[in-house]
K.L.:
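Submitted below is the structure of interest, expressed as structure tokens.
Note that the numbering runs from 1 along the sequence shown for the chain. For the numbers below, each heavy atom of this structure counts, side chains included, while hydrogens, waters and symmetry mates do not.
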Amino acid sequence: MATLGESPRSPEAKLGMRVEDLWDVQEPQLSPNEKLNACFESIPVSAFPPPPSNQEIEIKSDATLAEAVKILAQHNILSAPVVDVDAPEDASWIDRYIGIVEFAGIVVWILHQSEPTSPRSPSSGTATAAAANGMASAPENEVLGLGSAATTSGNFFEDLTSSQLYKNTKVGDISGSFRWAPFLALERSNSFLTMLLLLSKYKMKSIPVVDLGAGRIDNIITQSAVIHMLAECAGLQWFESWGTKKLSEVGLPMVKPNQIIKVYEDEPVLQAFKLMRKKRIGGVPVIERGGSRAIGNISLQDVQFLLTAPEIYHDYRAITAKYFLTAVRSYLEKHEGAFPMSSDLITCKKDFTIKELIQLLDHEKIHRVYVIDDDGNLEGLITLRDIISRLVHEPRGYFGDFFDGVFPMPPNSRV
């Protein structure tokens, strides 16, 4: 991580200096929180540094789900804008892009296929064969021959990744059928405050910034990118005045122990992914049976290992959460550097400062941290969104009619 004494400073640190300059000229009667709000309101999102060139990825609407999964996994990104292949060359951005496809969204679609409507045996291959032959009458879950999470065996993933349904379904075909949000984009002139509020209070994980003149996405700002920017601002007065506070001083963790959704080590890993879908959360801790200690964490994006790494799902009759954690760690050791997203459980103590927490999240490139006591028992959960929500607040009537022009939800949306 860069420090302020280094030269040249990172783009994020330079952005922090811009906030510092604004901080110094704020009215003295303003509270620190009001000062921060005013600073971020004065900076346009066009000032936010673009992502690395290898992350400037767009997915075509005629790409298959299998192709989309591979693209996202290969570039170590969780989402990408979808370009309508039928849009004319001179189309405006709202006609050029049909939405953002998320790894989590594809997971939700996959899990939707596994919802049982009858007590069919998971080993039944009749419906899978029917789908391969193009018969559309079979229910989607029967197409894959799936049972409940408790009985689903490892061949679920093998059936899925080899099925024609997975290989032939186009990204554009399932728009609106999973976490396909209204395509809410910011213009370059919108403020940092607007962006930070959307990423926190309004629960967006990433926000496209569009260049109206070019009709294209100019940048995609993620929660992780904001946390990295904050980490690079260590040492600046405005950051230190906020970042040196203890977690409890800013109301963290927001999620208490009894509110944490979890799975036990001997439960099927599919149950973990189903819980994430049902509760609309990004990850769950894996808890030892008979205790309250967490032994690992499974995130929605970890499903990539079940879709792209045959050695993890192949020939195993039951993939438990504990086995999945072990298999992923082994796979990551063999493919070091290829998959920075980790299933390791990252923890902190209640006496951490905001600054320490931000530096931990940025260094580990993760989206959640579990707060534990000295014995390793869970005491809370903190996500990227929780931290950003403690940085700014929404002034009364701030958004006004901002959301009136939001691209409407597709009529077949289930979320």
Side-chain angles (χ1 to χ4, degrees), residues 1-4 6-22 39-60 68 71-83 91-94 96-103 181 183-200 202 204-234 236 239 301 340-341 358-359 361-367 384-385 387-388 391-392:
M1 180 174 58
T3 64
L4 296 179
E6 294 177 358
S7 183
R9 294 184 177 125
S10 70
E12 291 81 8
K14 290 179 180 177
L15 188 56
M17 296 289 287
R18 188 167 171 178
V19 177
E20 185 89 323
D21 291 340
L22 291 165
C39 291
F40 289 127
E41 175 63 11
S42 301
I43 300 176
V45 293
S46 58
F48 201 94
S53 57
N54 69 319
Q55 293 185 8
E56 294 176 353
I57 304 300
E58 295 181 342
I59 293 178
K60 295 181 178 179
I71 291 170
L72 294 172
Q74 287 169 355
H75 291 89
N76 298 320
I77 55 177
L78 301 181
S79 62
V82 178
V83 180
S92 66
W93 73 267
I94 207 165
R96 184 185 308 279
Y97 299 98
I98 63 174
I100 298 258
V101 63
E102 295 184 324
F103 220 119
F183 191 33
L184 177 58
L186 293 178
E187 298 178 20
R188 289 169 53 83
S189 60
N190 285 125
S191 75
F192 256 57
L193 180 58
T194 299
M195 175 264 289
L196 293 171
L197 288 171
L198 290 176
L199 288 175
S200 55
Y202 292 92
M204 295 184 68
K205 287 184 166 41
S206 62
I207 304 175
V209 180
V210 295
D211 183 332
L212 294 182
R216 293 184 180 277
I217 291 176
D218 186 55
N219 196 357
I220 295 181
I221 302 176
T222 64
Q223 292 176 342
S224 297
V226 170
I227 294 298
H228 177 63
M229 181 205 80
L230 293 174
E232 291 289 296
C233 294
L236 291 170
F239 177 82
Q301 59 262 34
M341 292 177 280
I358 286 174
Q359 291 175 331
L361 285 161
D362 183 53
H363 180 265
E364 297 292 342
K365 306 300 180 190
I366 52 173
H367 294 181
L384 303 186
R385 183 174 71 84
I387 295 173
I388 299 171
L391 180 65
V392 293

K.L.:
For the pair R96 (side chain) and G215 (backbone), establish whether a donor and an acceptor sit closer than 3.5 Å, ignoring hydrogens and angles.
P.N.:
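It does hold such a pair.
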K.L.:
Measuring from atom CG of L197 to atom CG of L193, what distance do you get when rounded to the nearest 0.5 angstrom?
P.N.:
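Here the rounded value is 4.5 Å.
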K.L.:
To the closest 0.5 Å, what do you measure between CG (N190) and CD1 (I207)?
P.N.:
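Going from CG on N190 over to CD1 on I207, the span is 9.5 Å.
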K.L.:
Answer whether the closest heavy-atom distance between the side chains of I100 and P208 falls below 4.5 Å.
P.N.:
yes
K.L.:
To check you understand the geometry: which heavy-atom pair defines the closest contact between R385 and S200, and what is its length?
P.N.:
CD-O, 3.1 Å
K.L.:
Which heavy atom in I388 sits nearest to a heavy atom in L196, and how many Å separate them?
P.N.:
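So the two residues come closest at CG2-O, 3.6 Å.
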K.L.:
Nearest heavy-atom pair of P49 and P11: which atoms, and what distance?
P.N.:
CG-CB, 3.8 Å
K.L.:
Give, for atom CD of E12 and atom CG of L230, the distance between the pair rounded to the nearest 0.5 Å.
P.N.:
10.5 Å
K.L.:
What pairs with I71 under side-chain contact (heavy atoms from CB on, under 4.5 Å), at least two apart in sequence or on another chain?
P.N.:
I57, I59, H75
K.L.:
Would you check if Y97 and V83 make a side-chain contact, meaning some heavy-atom pair closer than 4.5 Å?
P.N.:
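Result yes, sub-4.5 Å side-chain heavy-atom pair found.
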K.L.:
My understanding is that only one of D218, V210, I217 makes a side chain to side chain contact (heavy atoms under 4.5 Å, CB included) with W93; could you say which?
P.N.:
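Result for side chain to side chain contact (heavy atoms under 4.5 Å, CB included) with W93: V210.
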K.L.:
Looking at every heavy atom in both P44 and S189, which two are closest together, and how far apart are they?
P.N.:
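Residues P44 and S189, closest heavy atoms: CB-O, 4.2 Å.
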K.L.:
Quick one: does L186's side chain get under 4.5 Å of F48's, heavy atoms only?
P.N.:
no
K.L.:
What closest approach, in Å, do M195 and V226 show between heavy atoms, and which atom pair accounts for it?
P.N.:
SD-CG2, 3.9 Å
K.L.:
From L199 CG over to I221 CD1, what is the distance, rounded to the nearest 0.5 angstrom?
P.N.:
7.5 Å
K.L.:
Below 4.5 Å, heavy atoms only, C-beta onward: do E232 and K14 meet side chain to side chain?
P.N.:
no
K.L.:
Is the shortest side-chain heavy-atom distance between S46 and V209 below 4.5 Å?
P.N.:
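A side-chain contact under 4.5 Å is absent here.
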K.L.:
Hey, what do you get for OG (S92) to CD1 (I94), rounding to the nearest 0.5 Å?
P.N.:
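So the gap between those two atoms works out to 6.5 Å.
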K.L.:
Can you list every salt bridge (charged side-chain N to carboxylate O under 4.0 Å, His left out) pair that touches residues 206-216, not counting sequence neighbours?
P.N.:
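Only E89-R216 qualify under salt bridge (charged side-chain N to carboxylate O under 4.0 Å, His left out).
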K.L.:
I need the S224 OG to K205 NZ distance, nearest 0.5 Å.
P.N.:
10.0 Å
K.L.:
Anything under 30° is parallel, anything over 60° is perpendicular, the rest tilted; go ahead and classify F40 against F192.
P.N.:
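The rings of F40 and F192 lie parallel, inter-plane angle below 30°.
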K.L.:
Within a strict 4.5 Å, meaning less than it, do heavy atoms of the P51 and N219 side chains meet?
P.N.:
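Yes, side chains in contact.
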K.L.:
Considering all heavy atoms of both residues, which atom of H228 and which atom of D362 are nearest to each other, and what is their separation?
P.N.:
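Nearest heavy atoms, H228 then D362: ND1-OD1, 2.9 Å.
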